[in-house]
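Just so it is clear: chains get the letters A, B, ... in the order the sequence lines come, proteins before strands, and each one is counted from 1.
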Amino acid sequence: MLVLAGAGSGKTRMLTHRIAHLIATGAAQRDEILAVTFTNKAAKEMRERVNQLSGYDGYRIWVATFHSTCVRILRSDIGQLGYERGFVIYDQTDSLALVKRVLRQMNLDERSHPPRGVRAELDRVKSRGLMPADVIADGTLHDERLGEIYRQYQTELRRANALDFGDLIVLTVRLFQNHPGVLESYQRRWRYILVDEYQDTNPVQYQLLRLLAAQHRNLCVVGDEDQSIYRFREADIRNILDFEKDYPGAAVVRLERNYRSTQQILDAATAVVSNNTERKGKKLVANQSGGDPIRFFEAADDRAEASYVIRELLRLRDRGQPLSESAIFYRTHAQSRPFEEELRNYDVDYTMVGGTRFYDRAEIKDALAYLRILRNPNDTESLRRIINSPVRGIGKTTVERLLMIGEQHELSLYRASELAIERGMLRGAAAKRVPEFFAMMDALRDDAPASVAQCLAQVLDRSGTLRALEREGSIEAEGRQANLQELLVAAEEFERDNESLDEDHGEERNLLDLFLESITLYSELDDYDETRDRIALMTVHVAKGLEFQTVFLVGVEEGLFPHFASLNDPAAIEEERRLCYVGMTRAKSGLHITNASMRRMHGSVRYNAPSRFLAEIPEEFGVGREQRRNYARGPGFGTARPRPAPTSTPGAAGEPTIDYSEAQYAPDDGPSSGSRVEHPVFGAGTIMQVVGSGQNTKLRIRFDRAGLKTIVLRYAQLRLLA
DNA sequence: TATGACATCGTTTTT
DNA sequence: CGATGTCATA
């Protein structure tokens, strides 16, 4: 069954009721159902709702993400693929460090092979289910090289008994393909499969579902092609567009009634997304008609944009709307700064979802690395993190040397070090320090308490981590100590929550593994608490699946939303448009869309034109766009123009009008795309693009008679035409 | 080997 | 801008 569920049409409700129905009618036992989502938060919500509907009888339905489902399968059966069951999972940071090491091993220049890019490529390749040999066979020199890197990267992963995120899915698929007996056991076990957000599945995930559902064909997928926003990790919108082809005879259900937003908001969002070609097309009908018009606001710069948002937010609060009913969505995390600053200025409580993650902090990663090494000594990336942290006199040269020995003997760093100690291959201080360190690690392992929290406490103590922080005595060190305390609390909580779950699915699981993997697969969204009275800041990606009374969609500018990287790829633009649609449809009744004419990015100043998506929203759906294109003088503009008198925004009938003139015309306003200018030689023209700032500002101008020219603002005697 | 000053560089979204 | 890497120096 394919359920095409528009935004706010009750997708989760449909899924949970279907599960409850399967149980109630006796069609399936609880443990015969597999429900797959993309985020832990969605999984948790769905689990709770199912339990409410059909009563929790102590036996859980398996509702989980693709990744945690695969971890569970692999923990029990990965032996068939030559890994050990105690494998660790590498997150991006670990994976990136490994890519760098591999590039060094292969003597590849980081200039021609930027590690981050390589890592991203490996991710994509894995998402498509390709093996190193497949990549090499692809032909081009670049592919061949990438294939070699891929192969070496996998060799190192295996040596470390580590899997990256991509491996979790790829290896599960391979397990099923190469070991039909294993596949069969899961096919028998999960007789009903339900998949949320099907439009975001990538080719390997698609394969995985196909394999699992091949026998019984009880596959129910829910999705919305207009909300497919994970193309960059190879999500393939065709998976949903072609479902009926892949599963002939599938029932198709459309949910087109929206229970969330006002008609205004829906129509505006639909107007945007209907510019896409890759869609099935559906018409969303709101349950509630009318509503406030959408409010547009063009700010002079990013700070003015933030202050507009905060002022509007405070107005809502004064009218009694809790802060938690509003959210600020931006395209990239980097845009959060001015909003955070402004919120702090006004002493407004806020929460940022995503961004820098707690578990990404160095001290946390280090502490966890100790735990990983206790469980799995061959985890070279973790060992590298901690071998000299806290500082214990095992420097870069020694580590390089040990890694070299490992490479020569095809050993992990841990084993290579043991070998070096045994054969007396180290000289100087290292000859003393290295054995000391490994003796400590061995002792830690021998004395490790069964309790995760106690084990962690012991590690922090005996490794000297806490002592080093105390000795440092700085404010930063205090913060790090506090973070480690928080980690200890998290470990205790984890143990309390999981005591009863040991035998939940009839499999014994190592508690330490469970703790470590829950952290690796954890995302900040997962414990975002909507009930606390504070405004939420997040990217539009994170916002998917959430809803708010009022949404501020900010930074809606060419180059930002749609993002630079998408500008010359029509398919990528379509994805940005879907993203915009997702952002808009999170709003129940209030939607503010803003852009800034000028913003500081990466230390320099940028002038962005308003996003094309704004132009795609018909005029009648909003207010605030009437007074665009008023520009104060910028450097190089000959004639000083008086500041435009503050104009008030004509509101819709009965709407209070607001005067934003202060925010709109900051003193450092410059020339901006869309402005009409006159050049002494070329005559009149329109500014298409502004590049650079200050002395170096260059303008791309399309002159009415002379065509497209690039002009250096400082030299050209431009005059601004009103 | 540790440390701090300096240079470089690359900029999206996430399980 | 901020993170990361490199180099010189103690």
- [ ] Only counting residues at least two apart or in another chain, list the ones meeting side-chain hydrogen bond (donor to acceptor under 3.5 Å, both in side chains) with A:E45.
- [x]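 A:E45 satisfies side-chain hydrogen bond (donor to acceptor under 3.5 Å, both in side chains) with A:K41 only.
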Task: Closest-nucleotide ordering on DNA chain B, the 5'-leading residue of A:G117 and A:S68 - done: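 Closer to the 5' end of DNA chain B: A:G117.
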By nearest atom, which of the nucleotides [options] is closest to the [X] side chain?
X      : options                : value
A:F165 : B:dT12, B:dT15, B:dT14 : B:dT15
A:F232 : B:dT15, B:dT12, B:dT13 : B:dT13
A:N388 : B:dT13, B:dA2, B:dT15  : B:dA2
A:D123 : B:dT3, B:dT15, B:dT13  : B:dT15

At a cut-off of 3.5 Å, list every protein nitrogen or oxygen paired with a nitrogen or oxygen from nucleotides 4-7 of chain B, distance to 0.1 Å.
none

Open item on the list: Within the supplied structure, the quantity of interest is the number of heavy atoms (other residues, nucleotides, ligands) at a distance under 6.0 Å from A:M404 CE; does it exceed 12?
Closed with: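 No, the 6.0 Å shell around CE holds no more than 12 heavy atoms from other groups.
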Open item on the list: With a 6.0 Å cut-off (strictly less than), is the heavy-atom count around CZ of A:R101, excluding the residue itself, greater than 12?
Closed with: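 For A:R101, atom CZ is crowded (more than 12 foreign heavy atoms under 6.0 Å).
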Open item on the list: Can you list everything that forms a ring pair (Phe, Tyr, Trp, His ring centres under 6.0 Å) with A:H563? Sequence neighbours excluded, please.
Closed with: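 Ring pair (Phe, Tyr, Trp, His ring centres under 6.0 Å) list for A:H563, sorted by chain: empty.
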- [ ] List for me each residue that meets salt bridge (Lys or Arg N to Asp or Glu O under 4.0 Å) alongside A:E470, sequence neighbours excluded, and say none if there are none.
- [x]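 So A:E470 forms no salt bridge (Lys or Arg N to Asp or Glu O under 4.0 Å) with any residue.
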- [ ] Apply salt bridge (Lys or Arg N to Asp or Glu O under 4.0 Å) to A:R578 and list each qualifying residue two or more places apart in sequence or on a separate chain.
- [x]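 If we apply the salt bridge (Lys or Arg N to Asp or Glu O under 4.0 Å) test to A:R578, skipping adjacent residues, the hits are A:E575.
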Task: Per-nucleotide protein contact string for nucleotides 2-10 of chain C (B base, S sugar-phosphate only, - none; heavy atom under 4.0 Å) - done: S-SSS----
